[in-house]
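Okay, structure first, notes after.
Values in this document were obtained by computation on a predicted structure and should not be read as measured data. Every chain is numbered from 1 and lettered A, B, ... according to where its sequence line falls, protein lines coming before strand lines.
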Amino acid sequence: MTTDDESQLHELSRELPAIDLDATTAERIALQARQDIGKGPPRRRWILPIIAAIVAIGYAVWGILKLIELLG
Amino acid sequence: MDADERAWVEGLRRGDSAAFDAAFAAYRKRVYGYLVRMVRRRDVAEDLLQETFLRLAQHAKRLTADTRLGAWLFTVAHRLFVSWVRAQGVRAQLAGDLPRRMDDRSPLEALADSQAQLALERAFAELAPAYREVALLVGVEGLSPTEVAQILGHTPEAVRQRLARARAQLAGALGDHAPTRAPVARSKP
């Protein structure tokens with residue numbers, strides 16, 4: 001369903017000038033991205049969450065051991 | 001989802017670079033147009049466009065068969081824009097980028113070849129980013145409010161409200177410069 005707002009915005013937007021990259025920049029971007037097809041996200045993205053998880057788990061284990069020590 | 005898009009998604013899932021090239025050719029102008037009108041700087045828009053398609057390449061094999069490529073790309077571009085805004089503390093910068101005088105054209109406005117286009121470009125630029133984004137995605141890109149709601153993480157109702165406000169603000173800002181075409185005739189089913 002198209003509302004009046006949508007159709008009026010479509011109508012207005014037709015007048016906006018077209019914007020595009022220059023061909024050299026577009027080719028450079030395509031070339032760089034193409035090299036990464038199917039490689040998955042870079043591994044460095046996982047390093048920080050893994051370190052944070054190790055610290056959190058270590059702290060939790062330490063807390064549990066302390067608790068056991070106190071109760072025992 | 002049309003047959004081309006389905007074929008590109010299938011190709012991307014296989015790691016086919018021709019499918020990537022086809023998707024890039026089909027969407028780069030649209031995503032770049034959205035980004036450049038949101039960030040108001042071509043250099044930043046180019047960086048964000050590159051990151052958007054880099055992520056498409058990196059996630060290619062993890063796309064599902066029913067992925068709607070356009071919505072996927074605009075979702076990534078939107079998130080990158082939000083990150084950029086946060087990183088820049090950008091509110092002041094966006095306001096600072098807006099031209100103040102009619103003879104002070106931004107590079108974006110230099111593309112306008114008539115007073116009406118210039119007025120329209122400025123009217124879009126003066127919308128609050130949240131309204132501008134909705135106006136661009138619905139008005140320029142032709143996405144439905146439901147699709148835009150998914151991209152932005154809002155409810156369709158919230159998108160429709162922003163759409164109504166954006167349309168009203170644009171109409172108010174344009175005044176006599178509003179395009180005067182006759183309404184589009186809708187074909188009967």
Side-chain angles (χ1 to χ4, degrees), chain A residues 1-70, chain B residues 12-17 19-21 24-25 28-29 32-33 36-37 42 45-46 49-50 52-62 108-109 111-114 116-117 120-121 123-124 134-136 138-142 144-145 160 163-164 166-168 170-171 174 178-179 181 183-184 186:
Chain A
M1 189 183 76
T2 304
T3 64
D4 282 350
D5 289 322
E6 284 175 66
S7 40
Q8 286 183 33
L9 270 170
H10 288 309
E11 195 62 29
L12 277 175
S13 305
R14 282 186 200 177
E15 302 292 330
L16 279 174
I19 301 174
D20 199 3
L21 294 163
D22 63 85
T24 314
T25 308
E27 184 48 40
R28 176 178 54 79
I29 291 173
L31 187 68
Q32 286 192 340
R34 208 183 290 131
Q35 290 167 350
D36 272 25
I37 294 175
K39 282 188 180 171
R43 286 183 183 165
R44 66 177 181 277
R45 184 180 289 184
W46 302 107
I47 291 174
L48 220 68
I50 288 170
I51 291 172
I54 290 169
V55 170
I57 291 168
Y59 192 71
V61 169
W62 176 82
I64 291 166
L65 288 176
K66 276 285 173 195
L67 194 67
I68 291 169
E69 197 179 300
L70 281 173
Chain B
L12 283 164
R13 280 156 50 91
R14 291 193 307 270
D16 177 6
S17 60
F20 176 84
D21 288 343
F24 183 74
R28 85 159 194 239
K29 198 170 168 181
Y32 180 67
V36 83
R37 287 195 166 102
R42 280 181 174 271
E46 285 173 13
L49 180 77
Q50 177 167 330
T52 302
F53 279 96
L54 208 56
R55 291 196 185 180
L56 175 65
Q58 290 167 348
H59 288 81
K61 290 187 176 175
R62 285 190 282 159
L108 193 59
E109 290 167 352
L111 293 166
D113 57 11
S114 70
Q117 279 191 338
L120 188 59
E121 197 69 74
F124 268 87
V134 168
L136 288 171
V138 174
V140 180
E141 299 309 329
S144 71
R160 285 194 188 91
L163 202 59
R167 206 264 315 142
L170 281 173
L174 286 168
R181 285 183 184 177
V184 180
R186 291 186 197 164

Residue pair L9(A), L170(B): steps toward the side-chain contact (heavy atoms from CB on, under 4.5 Å) verdict: CA-CA 9 Å; L9(A) 270 170; L170(B) 281 173; 3.4 Å; yes
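- Not a single salt bridge (charged side-chain N to carboxylate O under 4.0 Å, His left out) links R62(B) to another residue, sequence neighbours left out.
- Side chains of K39(A) and K61(B) form no contact here, defined as non-hydrogen atoms less than 4.5 Å apart.
- Atom CD1 of I37(A) and atom CZ of R13(B) lie 15.0 Å apart (nearest 0.5 Å).
- Interatomic distance, CG of D36(A) versus OG of S17(B), reported as 13.0 Å (0.5 Å rounding).
- When all heavy atoms are compared, the tightest approach of A30(A) to F20(B) is O-CE2, 3.9 Å.
- For residues 53-69 of chain A, a heavy-atom distance under 4.5 Å to chain B picks out no residue at all.
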CA sep, side-chain torsions, deciding dist, call: Q117(B), L16(A), side-chain contact (heavy atoms from CB on, under 4.5 Å): CA-CA 6 Å; Q117(B) 279 191 338; L16(A) 279 174; over 6 Å; no
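- Between D20(A) and R28(B) there is a salt bridge, with a side-chain nitrogen of the basic residue lying less than 4.0 Å from a carboxylate oxygen of the acidic one.
- No side-chain heavy atom of T25(A) sits under 4.5 Å from any side-chain heavy atom of L49(B).
- Across every non-hydrogen atom of H10(A) and G139(B), the tightest pair is ND1-O, 3.1 Å.
- Using a 4.5 Å cut-off between heavy atoms, R55(B) touches chain A through its side chain atoms alone.
- The distance from atom CZ of R14(A) to atom CG of L120(B), rounded to the nearest 0.5 Å, is 13.0 Å.
- Applying the ring pair (Phe, Tyr, Trp, His ring centres under 6.0 Å) rule to F53(B) yields the partners F24(B); only residues at least two apart in sequence or on another chain are considered.
- Not one N or O on the side chain of Q50(B) forms a donor-acceptor pair closer than 3.5 Å with the backbone of I29(A).
- Closest approach of A33(A) and A57(B) over heavy atoms only: O-CB, 3.0 Å.
- For the side-chain hydrogen bond (donor to acceptor under 3.5 Å, both in side chains) test, no residue two or more places apart in sequence or in another chain qualifies with D16(B).
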Residues E46(B), R28(A); criterion side-chain contact (heavy atoms from CB on, under 4.5 Å); working and verdict: CA-CA 11 Å; E46(B) 285 173 13; R28(A) 176 178 54 79; 4.3 Å; yes
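- Of the inter-residue distances, the one linking Q35(A) atom CD with Q58(B) atom CD reads 11.5 Å to the nearest 0.5 angstrom.
- A salt bridge does not link D5(A) with R160(B): none of the charged nitrogens is closer than 4.0 Å to a carboxylate oxygen.
- Taking CG of L56(B) as the reference point, atom CZ of R34(A) lies at 12.5 Å (rounded to 0.5 Å).
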Worked check of side-chain contact (heavy atoms from CB on, under 4.5 Å) between K29(B) and L21(A): CA-CA 7 Å; K29(B) 198 170 168 181; L21(A) 294 163; over 6 Å; no
